[in-house]
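Everything numeric here is computed off the predicted structure, so don't read it as measured data.
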Amino acid sequence: MILDKLNSCMMEKGFRKIKVNVENICVYFKDMEQEIYLLTVYEASTGQEFTQEQFRYIQSQIYNNFNKPDKIVHFLTIIYTDNMEKVREMSGMDSNVWYLDNRNKRLIIYENHRDEFLGLQKEIDNILYGTTPDNEASGDKENYYHDVRRGHSGRGEEYTQYQYNQERTYERRTKGNGSIFTVTNLLILINGLVFFIMEIRGSTHDLYYMLDKGALYWPAMEFSHEYYRFFTYMFLHFGIDHLIV
């Protein structure tokens, strides 16, 4: 079974498994020096096991149990299901969710969702490929390989599109009216001043310093309601290279 293999994978990667009181939920965590990697796995075959309110409540409770002021919590949820439409309704706007589509034997990661968690994506790909006898017999791993939805359907093309989106660059062109007193120039000036002040008071390469000053961090917004980060993060830059780019 896919979930059994996923459980073995997490144990091999050094995660610890925690028993929870809610049926069909498993929690794994790995406590590192300055970080905690936290994985929650839901078995929701029909997609009707939890309401959206119940899902959000469970997520917040799990996160708050591991949230520590001196550590960064990397929180990921995997939902194993036969009904993608229903679990999408259940999980709502949570951007830290991956979907294990058991019916089609594929992992689905949407465009605005996190796509890295200690190499787990590749491990799940290997698990899924091993549970697809037809593909294994034919050697057709390329067409089966990881399904990342980017607003279109199909299998092989999604991953190709993902790679393309990661590699391509965008040319930015702006038109000015000849005056230095433009909104764009004002924003550039503000960003430069904020960066200069931040560097004087600390290091913009220090993750914890930046988070303390208002860098974007979704769990703080989701569970602590620190919505001001939507505004402050626009003026914070991790190093001079990030500011220039």
Legend entry - Side chains of L39 and L120 in contact at under 4.5 Å (non-hydrogen atoms): yes
Inset, instruction - Return yes when atom CZ of F238 has more than 12 non-hydrogen atoms of other residues, nucleotides or ligands closer than 6.0 Å, and no otherwise. - result: yes
Legend entry - Atom pair CG/OG1 of N83 and T46 - distance to nearest 0.5 Å: 7.0 Å
Inset, instruction - Could you tell me which non-hydrogen atom of L128 sits nearest to which non-hydrogen atom of I2, and how far apart they are? - result: CD2-CD1, 3.7 Å
Inset, instruction - Specify whether Y37 and H74 have parallel, tilted or perpendicular ring planes, treating 30° as the upper limit for parallel and 60° as the lower limit for perpendicular. - result: parallel
Inset, instruction - Find out if a path of hydrophobic residues (ILVMFWY) with successive side-chain heavy-atom gaps under 4.5 Å connects F29 to V22. - result: yes
Inset, instruction - Output the distance between atom OH (Y63) and atom CG (L38), rounded to the nearest 0.5 Å. - result: 9.5 Å
Legend entry - Check: S91 and I79 side chains under 4.5 Å, non-hydrogen atoms: yes
Inset, instruction - Using distance alone, with no hydrogens and no angle criterion, decide if Y28 and N7 have a side-chain donor and acceptor under 3.5 Å apart. - result: yes
Inset, instruction - Measure the shortest side-chain to side-chain distance between I78 and I124 over non-hydrogen atoms and say whether it is less than 4.5 angstrom. - result: yes
Legend entry - salt bridge (charged side-chain N to carboxylate O under 4.0 Å, His left out) against E226, all qualifying residues, sequence neighbours excluded: R229
Inset, instruction - Could you grab the distance from atom CD1 of I188 to atom CG of L193, nearest 0.5 Å is fine? - result: 12.0 Å
Inset, instruction - For D70, look at atom CG and say whether over 12 heavy atoms of other residues, nucleotides or ligands are found less than 6.0 Å away. - result: yes
Legend entry - N/O donor-acceptor pair under 3.5 Å between T81 side chain and A44 backbone: yes
Inset, instruction - State, yes or no, whether a side-chain contact exists between I72 and L211 at a heavy-atom distance under 4.5 Å. - result: yes
Inset, instruction - Over all heavy atoms of both residues, which pair between Y209 and R201 is shortest? Give the atoms and the distance, please. - result: OH-CB, 3.5 Å
Inset, instruction - Kindly give the heavy-atom pair with the smallest separation between D94 and N96, and that separation in Å. - result: OD1-N, 3.0 Å
Legend entry - Point-to-point distance, once rounded to the nearest 0.5 Å, from OG of S95 to CG of L76: 10.5 Å
Inset, instruction - Following the transitive rule for hydrophobic clusters with a side-chain heavy-atom cut-off under 4.5 Å over Ile, Leu, Val, Met, Phe, Trp and Tyr, establish whether I197 and L236 coincide in one cluster. - result: no
Inset, instruction - Flag yes if Y208 and Y228 sit in one hydrophobic cluster, no otherwise; membership is Ile, Leu, Val, Met, Phe, Trp, Tyr, and two members link when side-chain heavy atoms are under 4.5 Å apart. - result: no
Inset, instruction - For the pair R103 (side chain) and D82 (backbone), establish whether a donor and an acceptor sit closer than 3.5 Å, ignoring hydrogens and angles. - result: yes
Inset, instruction - On the 0 to 90° scale, with breaks at 30° and 60°, tag the Y227-F230 ring pair as parallel, tilted or perpendicular. - result: parallel
Inset, instruction - Indicate yes or no for a side-chain donor-acceptor contact from Q59 to the backbone of Q61 under 3.5 Å, with no hydrogens or angles considered. - result: no
Legend entry - N/O donor-acceptor pair under 3.5 Å between K71 side chain and M32 backbone: yes
Legend entry - Listed partners of R88 passing side chain to side chain donor-acceptor pair (under 3.5 Å), at least two apart: Y99
Legend entry - Same cluster (ILVMFWY, side-chain, under 4.5 Å), Y233 and M221: yes
Inset, instruction - Kindly compute the distance separating CD1 (I25) from CD (E49), expressed to the nearest 0.5 Å. - result: 10.0 Å
Inset, instruction - Kindly write out the residues that satisfy ring pair (Phe, Tyr, Trp, His ring centres under 6.0 Å) with F235, not counting sequence neighbours, or none if the list is empty. - result: F231
Legend entry - Which atom of M90 lies closest to which atom of F50, heavy atoms considered: CG-O, 3.4 Å
Inset, instruction - Say whether Y80 and M11 are linked into one hydrophobic cluster, either directly or through other cluster members, by side-chain heavy-atom distances under 4.5 angstrom. - result: yes
Legend entry - E43 to M1 - nearest heavy-atom pair and separation: OE2-CE, 3.6 Å
Legend entry - Expected output: side-chain E89 to main-chain G92 donor-acceptor under 3.5 Å: no
Legend entry - Side-chain heavy atoms of M198 within contact of H237, under 4.5 Å: no
Inset, instruction - Please name all residues satisfying side chain to side chain donor-acceptor pair (under 3.5 Å) with D206, sequence neighbours left out, ordered by chain then number. - result: none
Inset, instruction - Output the distance between atom OG1 (T204) and atom CZ (F195), rounded to the nearest 0.5 Å. - result: 4.0 Å
Legend entry - K13: salt bridge (charged side-chain N to carboxylate O under 4.0 Å, His left out) partners, not counting sequence neighbours: none
Legend entry - ring-ring contact (aromatic ring centres under 6.0 Å, His included) partners of residues 8-27, not counting sequence neighbours, each pair once: none
Inset, instruction - Apply side chain to side chain contact (heavy atoms under 4.5 Å, CB included) to the pair F66 and D31, showing each step before the final yes or no. - result: CA-CA 10 Å; F66 285 87; D31 196 340; over 6 Å; no
